[in-house]
Amino acid sequence: MTKKEAFNYRDKSAELEAIVAQLQDPAIQIDEATKIHAAGLKLIDELEAYLKQAEVEVRRRVAHE
């Protein structure tokens, strides 16, 4: 993700939900599941970082009011 590209929490969350659905498929092959799982972990890290940054921003704004 470049700096110019806006982070879209809703899209990333939907992407993570799709990954979870894929991993719940009993027919998924282990190699595919491993790749999808890694992508899911990356998304989780991105979502958590976004939420932490949002919390910092909200706390900063509240402190300045």
Side-chain angles (χ1 to χ4, degrees):
M1 183 168 62
T2 64
K3 289 184 180 182
K4 293 180 183 179
E5 188 179 341
F7 186 90
N8 188 309
Y9 186 86
R10 181 176 287 169
D11 288 348
K12 295 287 185 177
S13 293
E15 193 176 338
L16 183 58
E17 288 177 21
I19 286 173
V20 170
Q22 289 176 332
L23 290 172
Q24 291 174 338
D25 181 355
I28 193 169
Q29 298 294 315
I30 189 70
D31 292 335
E32 182 70 13
T34 302
K35 290 177 188 176
I36 292 171
H37 181 264
L41 291 176
K42 182 180 176 193
L43 276 171
I44 289 169
D45 287 344
E46 290 175 11
L47 289 163
E48 286 179 344
Y50 178 82
L51 290 174
K52 286 178 185 175
Q53 182 58 41
E55 180 182 14
V56 167
E57 182 65 23
V58 167
R59 287 181 187 265
R60 186 183 61 78
R61 288 184 184 188
V62 169
H64 286 92
E65 289 183 355

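Note that the coordinates shown come from a computational prediction; the quantities given were computed from them, not determined experimentally. The analysis underlying the following values was restricted to heavy atoms, covering all of them including side chains, and did not include hydrogens, waters or symmetry mates.
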Going from [atom1] on [X] to [atom2] on [Y], what distance comes out if it is rounded to the nearest 0.5 angstrom?
X	Y	atom1	atom2	result
Tyr50	Leu43	OH	CG	14.5 Å
Thr34	Ile30	OG1	CD1	4.5 Å
Lys42	Glu15	NZ	CD	9.0 Å
Leu16	Asp11	CG	CG	12.5 Å

What are the two closest heavy atoms between Leu47 and Ser13, and how far apart are they?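 What the structure gives for the nearest pair is CD2-OG, 3.9 Å.
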
Determine the minimum heavy-atom distance between Lys12 and Phe7, stating which atoms define it. CG-CZ, 3.7 Å

Do the side chains of Arg59 and Glu55 get close enough for a salt bridge, i.e. N-O under 4.0 angstrom?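 Looking at Glu55 together with Arg59, the answer is yes, because their closest N to O distance falls below 4.0 Å.
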
Arg61/Glu65 ion pair, N-O < 4.0 Å: no

Under the criterion salt bridge (Lys or Arg N to Asp or Glu O under 4.0 Å), I'd like the reasoning laid out for Glu32 against Lys35: C-alpha separation, chi angles, the key distance, then a yes or no. CA-CA 5 Å; Glu32 182 70 13; Lys35 290 177 188 176; 5.2 Å; no

Arg10 atom CZ: more than 12 heavy-atom contacts under 6.0 Å: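 No.
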
Greater than 12 external heavy atoms within 6.0 Å of Gln29's CD: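 No, the 6.0 Å shell around CD holds no more than 12 heavy atoms from other groups.
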
Pick out which of Ile19, Val20, Asp25 makes a side chain to side chain contact (heavy atoms under 4.5 Å, CB included) with Leu23. Ile19

